[in-house]
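Everything on this sheet refers to the single structure shown next.
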Amino acid sequence: MTTPSIVVKGLHVTRQGQEVLSDLNFQVAAGEVFALLGGNGAGKSTTLLTCIGMLKPSAGSVTICGHSAADEPEAVRRSLAYLSETASLYEHLSARENLRYFLELAGTKPDPVAIEQALDTVSLQADARDRRSAGFSKGMRQKVAIALALLRKTPVLLLDEPTSGLDPVAVEEFNRLLITLCQRDVAILMVTHDLFGACEVSSRIGLLRDGHLVNQFEASRDVNGKLIHVDVNEVKRSFAGREAA
Amino acid sequence: MSLIRNIQREARFVGANRTTLAACLALAIMCLLAIVLGQAEISRQNDTLERTLSQSRVELGEVFDAATDYGGAAYSGFSLTYNAPAEAAFLAIGQRDLSPWMLRIRALALEGQIHESDNFNPELSLAGRFDYAFVIAFVLPLFIIVLLYDVYAAERDAGRVAMLTATAARPGRVWLARVLVLASGAALACLLPLWLLGLVFGAGAGNLLSVTAVVLANVVFWTLVTCALAFGRWAASVNAAVLTGIWLVLALLVPLAGKIMIDRTVPGVDGARISLLQRETVNGAWDLPKAATMEPFYASHPEWAHSAPIDEPFHWKWYYAFQQMGDEAAEPLSRAYREAIRERDALTGQVAWLSPPVAVLRAIQNIAETDMASALEYEMRIRDYHAQIRHFFYPLLFEEVPFERKNLEGFPVFSAR
């Protein structure tokens with residue numbers, strides 16, 4: 001593993017008097033997709049919110065590209081892009097206008113040529129780019145959000161349930177985009193329910209239950225360096241076994 | 001990123017939202033309409049004044065020309081008093097809907113003349129007036145609520161708060177800039193029509209600056225109230241319901257409770273009672289010996305005590321003496337009436353501390369000089385002028401100066417402010 005872009009160390013997070021994350025430890029390196037898999041209430045979204053500085057750890061730390069999420073939130077936010085489950089865009093703005101708005105929000109000067117290239121990369125239809133995003137499908141909204149991540153050139157991407165509600169074709173396109181981002185050395189932390197999707201794109205999978213990371217699985221590479229996916233059945237067995245326990 | 005750049009970005013963002021623009025446009029149109037309607041009413045009052053004033057002068061001249069004695073000239077000679085609208089009166093019609101702003105008076109007892117219109121049905125006090133002050137006091141808060149109630153909750157419900165937080169270097173500035181832009185939109189929608197039409201209608205820069213300060217204070221107050229809820233944990237629909245409730249309490253319930261409290265604390269004097277007492281005294285004097293009028297009159301006005309005794313069955317100086325005695329009999333009640341109005345007005349001022357819409361209404365009426373103080377000041381000017389008329393005629397009547405038309409030339413003229 002190269003130098004980790006995301007380091008979560010001994011993380012404890014308490015919300016409304018209840019410990020949601022307990023002694024969570026993992027790292028994500030540049031060019032790697034780490035999927036946190038777990039059921040409802042396992043602490044997946046809490047992990048992401050702590051990474052972007054919206055929640056403060058009660059103990060432990062989150063470090064993004066060498067910056068502490070708790071102490072250097074501005075530096076951390078400059079280093080990451082976040083894609084929410086709903087991939088909500090502003091409906092009164094077009095795809096291009098949304099990108100311009102969020103780029104300005106991030107303090108990046110919008111470059112029209114770069115915006116076109118990013119929209120080309122995510123394959124958003126040309127006729128949709130100037131249309132108000134009110135009628136966009138979730139897949140289209142996600143493409144715009146990924147385009148934003150590409151434009152911001154952040155070394156870290158956080159994804160919250162990115163494939164929920166997507167049709168199989170859209171999932172395939174989305175996975176292709178993730179691979180593109182990995183090739184650009186982006187470290188991706190993805191939280192998801194989707195076991196199959198996670199196994200398909202992730203370099204590593206962590207199994208999260210009741211705020212604890214209970215198991216990790218790592219994809220291997222063949223002699224040609226090609227990724228051999230994590231075995232779905234292995235993860236399923238582990239998940240089922242823990243569930244039974 | 002500087003706050004200015006945040007504001008520029010949010011201004012472009014808000015400017016692209018048709019719903020927000022439509023709300024601001026609707027508010028601006030309401031302000032324009034309110035100012036135009038206010039100006040139409042003030043123009044109507046000015047036209048009436050101008051017409052009546054010139055007619056009144058002609059009529060008074062005709063009465064004096066036809067007069068054969070001073071008493072008859074004083075009896076038939078009506079003079080117009082008026083409370084000319086101040087230059088910003090079109091912004092708040094205020095008491096000009098409820099209290100007289102024009103009154104023809106003559107040398108007879110004054111109290112009945114002042115209070116004769118008190119029993120008119122004050123239907124306008126129920127309906128209220130759609131003027132600029134009304135829009136700013138009662139409508140503007142609703143627009144601010146509409147613009148801001150979901151400024152945060154809508155983002156949270158759409159799942160964008162985390163994305164905004166993760167994207168903006170300093171998320172607090174994003175919210176601050178957005179709130180500033182939206183509140184400024186509401187303020188501009190009110191202030192642009194004010195300055196545009198205010199200058200055209202000659203309101204005066206000083207008045208416009210004062211009204212601008214009131215508008216901005218109102219915008220700041222309702223923005224803070226709305227944001228206090230909008231950035232809480234409640235859903236947007238709950239925010240809207242609670243904020244509407246707050247508006248109802250501050251704009252309707254507090255003023256209503258205040259009025260009930262004021263009515264109980266300071267019941268006030270019925271103007272018709274003053275009129276009745278004065279007329280009873282005047283009418284009763286016809287049946288009394290003249291000495292019953294003249295002795296107390298000379299006692300309170302010793303400067304005329306040397307006047308020749310009255311031998312005739314009727315003499316104008318006796319007639320005007322019992323008119324004055326009628327006023328003096330009603331004076332305690334009249335003073336109590338004015339004191340009650342002042343006290344009620346002062347209590348309303350205290351209620352305004354609990355009801356910002358009432359405070360805003362009063363502040364703009366004060367600038368427009370259409371408040372209760374202005375109405376009372378006009379009443380006092382009527383009293384002063386009536387005293388001048390009496391002082392003009394009394395030497396002619398009590399000294400029994402032979403009638404000559406030229407002696408009426410110095411008849412006092414009511415001076416406008």
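These figures come from a predicted structure and were not determined experimentally. Naming convention: chains lettered A, B, ... in sequence-line order (proteins, then strands); numbering from 1 in each chain.
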*Could you tell me whether the side chain of B:Arg170 and the main chain of A:Glu74 form a donor-acceptor pair under 3.5 Å?*
no
*Please examine the side chains of A:Leu105 and B:Arg9, heavy atoms only from C-beta on, and report whether any two atoms are closer than 4.5 Å.*
yes
*Would you sort out whether A:Phe34 and A:Val8 count as a side chain to side chain contact (heavy atoms under 4.5 Å, CB included), showing the intermediate values?*
CA-CA 12 Å; A:Phe34 181 61; A:Val8 174; over 6 Å; no
*Exam field: side chain A:Lys44 to backbone A:Gly38, donor-acceptor pair closer than 3.5 Å*: yes
*asked:* Is A:Leu158 close to chain B through its backbone or its side chain, or both, or neither, when contacts mean heavy atoms under 4.5 Å?
replied: neither
*Measure the spacing between OG1 of B:Thr370 and CD1 of B:Ile42 and express it to the nearest 0.5 Å.*
8.0 Å
*What distance separates A:Arg204 CZ from A:Glu32 CD, expressed to the nearest 0.5 Å?*
4.0 Å
*Hey, is the main chain of A:Thr121 close enough, under 3.5 Å, to the side chain of A:Lys143 for a donor-acceptor pair?*
no
_Presence of salt bridge, A:Arg129 and A:Asp120, under 4.0 angstrom_ = yes
*For chain A, find which of B:Val174, B:Thr19, B:Leu164 contributes the most heavy-atom pairs closer than 4.5 angstrom.*
B:Leu164
*Can you name the closest pair of heavy atoms from B:Leu250 and B:Pro357 and give their distance?*
O-CD, 3.8 Å
*Looking only at heavy atoms, which of residues 134-163 of chain B get nearer than 4.5 Å to chain A?*
B:Glu155, B:Ala158, B:Gly159, B:Arg160, B:Val161, B:Ala162, B:Met163
*For chain B, find its close neighbours in residues 78-101 of chain A: heavy-atom separation under 4.5 Å, sorted by number, or none.*
A:Leu80, A:Tyr82, A:Ser84, A:Thr86, A:Ser88, A:Leu89, A:Tyr90, A:His92, A:Leu93, A:Tyr101
*With a 4.5 Å heavy-atom cut-off, do B:Asp131 and B:Leu37 have their side chains touching?*
no
